[in-house]
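Letters go in sequence order (proteins before strands), and every chain restarts at 1. What you see is a predicted model; the values in this text were computed from it and never measured.
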Protein chains: 2
Amino acid sequence: MGAYPSLSIGALSKATGTTVVTIRWYERVGVLPTPARTPGNYRAYGKAHLDRLSFIRRARDLGFSLDEVRDLLRLSDDKDQSCEAVDQVARQHLAEVTRKIADLKALRRELQDLIGQCRHGTFADCRIVQALSPRQSRR
Amino acid sequence: MGAYPSLSIGALSKATGTTVVTIRWYERVGVLPTPARTPGNYRAYGKAHLDRLSFIRRARDLGFSLDEVRDLLRLSDDKDQSCEAVDQVARQHLAEVTRKIADLKALRRELQDLIGQCRHGTFADCRIVQALSPRQSRR
DNA sequence: CTTGACCCTATAGCGGCTACAGGGTCCATA
DNA sequence: TATGGACCCTGTAGCCGCTATAGGGTCAAG
């Protein structure tokens, strides 16, 4: 149960699967607090940084923007309040993801239609080229 | 059957639903050819530009990158060849879209799990915060 | 004392625009 | 003829979330 050993940026990088450059970037844009420095000016991270960075990575993997991550972190610093606000952020993000899926599905159907019509003839006959070109003919 | 009247950038903008700034951007990055100029240095577009810009917009709406659009345009300038290459670009893009949909669906499921577990208690009990924080506890 | 792995800062670039700032042009009306 | 307003011009900087490069400093092993 000694003092938690401090981590170099490289060690933190390996521990979280985040590149060194990205870690410095997170510090720069204020989602990861500035760590202590060694006499040689190397960053020295503690357990709190490891936890925080893990949180950030997980949220990013789930598609939250850095702004949303900032919100989530700020909310999680007010420990006493109910997590309704957090839930709200998550639900909003979920709605956005759902919308994106719908958009991509519509797009996929269009692409499939397009590709399905291609008969590999000469270019003038190509349905893909025809379908792409005249915007007004496709309501 | 007179000469096709030339369009100002604003007219082209309205005709294609593209902002004036974006049209100039397309010219700058080389997907839309530089138009003629009036004596007052205004851009004067012809029917070819209208067709080309419509093509670009439609392809962008379908999620093609500007690089892919460049490819499609270059391919469609070689009129004689079969449209196999075009088909290839489209199929590749379709595969990418399909992959994105799958990714987003996995992500949505995770978010739904997370949100479904929230019981709006105090923060310490919040499943969302817990689930976000410890990265190593989730396989 | 040198090698090589690691670390530092600062700056520029990616895609696909968007938003200024600071002007010029054109046409209708007074 | 003057003026107002709609339109147009160029150039630069900003957005997001990094990534890449240049040009150094630090540290431990051999």
> For A:Ser54 and A:Leu50, indicate whether the former's side chain and the latter's backbone hold a donor-acceptor pair under 3.5 Å.
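Between the backbone of A:Leu50 and the side chain of A:Ser54 there is a qualifying donor-acceptor contact (under 3.5 Å).
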> Measure CG/A:Leu12 against P/C:dC6 and give the value in whole Å, please.
15 Å
> Within this structure, what is the CG-to-P distance between B:Leu66 and C:dC14, rounded to whole angstrom?
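Rounded to the whole Å, the gap is 13 Å.
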> Would you mind reading off the distance between B:Asp67 atom CG and C:dC14 atom P, rounded to a whole angstrom?
11 Å
> Salt-bridge test for B:Asp71 and B:Arg74: reply yes if a basic N is under 4.0 Å from a carboxylate O, no otherwise.
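Salt bridge: yes.
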> Could you tell me the separation between the CD atom of B:Glu68 and the P atom of C:dG15, rounded to a whole number of Å?
12 Å
> Rounded to whole angstroms, how far apart are CD1 on B:Ile56 and P on C:dC17?
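Rounded to whole Å, this separation is 10 Å.
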> Name the residue from A:Glu96, A:Arg70, A:His93 that meets the side chain to side chain contact (heavy atoms under 4.5 Å, CB included) definition with A:Phe64.
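The single option meeting the side chain to side chain contact (heavy atoms under 4.5 Å, CB included) with A:Phe64 is A:His93.
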> For DNA chain C, whose closest nucleotide is more 5', that of B:Thr38 or that of B:Arg70?
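Of the two residues, B:Arg70 wins.
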> Say whether, by atom type as modelled, one donor and one acceptor occur between the side chain of B:Glu68 and the main chain of B:Ser65 under 3.5 angstrom.
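Yes.
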> Identify which nucleotide among C:dC17, C:dT9, C:dA19 has an atom closest to any side-chain atom of B:Arg60, counting heavy atoms from C-beta outward.
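It is C:dC17.
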> Just checking B:Arg109: does its CZ atom have more than 12 heavy atoms from other residues, nucleotides or ligands closer to it than 6.0 angstrom?
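No.
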> Specify the residues of residues 93-100 of chain A, ordered by number, for which at least one heavy atom lies under 4.0 angstrom from an atom of DNA chain C.
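None, since no heavy atom is under 4.0 Å.
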> When the C1' atoms of the five terminal pairs at each end define the local axes, what inter-axis angle does the helix from C:dC1-D:dG30 to C:dA30-D:dT1 show, to 10 degrees?
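Here the helix ends are tilted 30° relative to one another.
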> Measuring only between side-chain heavy atoms, which start at C-beta, is B:Tyr45 closer than 4.5 Å to B:Leu53?
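The answer is no; the side chains never approach within 4.5 Å.
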> I need the A:Arg108 CZ to B:Thr98 OG1 distance, nearest 0.5 Å.
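Going from the CZ atom of A:Arg108 to the OG1 atom of B:Thr98 covers 5.0 Å.
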> Please give, in whole Å, the distance from D:dC27 P to A:Arg43 CZ?
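Answer to the nearest Å: 15 Å.
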> So which one's nearest nucleotide on DNA chain D is more toward 5', B:Arg37 or B:Lys14?
B:Lys14
> Heavy atoms only, 4.0 Å cut-off, all strands: where does B:Ser8 land among base, sugar-phosphate and nothing?
sugar-phosphate
> Give, for atom OH of B:Tyr42 and atom CD1 of B:Ile9, the distance between the pair rounded to the nearest 0.5 Å.
11.5 Å
> Measure from OH on B:Tyr42 to C1' on C:dG23 and round the result to the nearest Å.
11 Å
> Roughly, in whole Å, what's the span from CG in A:Asn41 to C1' in C:dA10?
14 Å
> Answer yes or no: does atom CZ of B:Arg28 have more than 12 heavy-atom neighbours from other residues, nucleotides or ligands under 6.0 Å?
no
> To the nearest 0.5 Å, how far apart are NZ in A:Lys100 and CG in B:Leu107?
9.0 Å
> What are the residues of residues 22-35 of chain B, sorted by number, that bring a heavy atom to within less than 4.0 Å of DNA chain D?
B:Arg24
> For A:Val69, which of A:Leu62, A:Val89, A:Ile56 qualifies under side chain to side chain contact (heavy atoms under 4.5 Å, CB included)?
A:Ile56
> Without swapping roles, check the side chain of A:Thr22 against the backbone of A:Thr18 for a donor-acceptor pair under 3.5 Å.
no
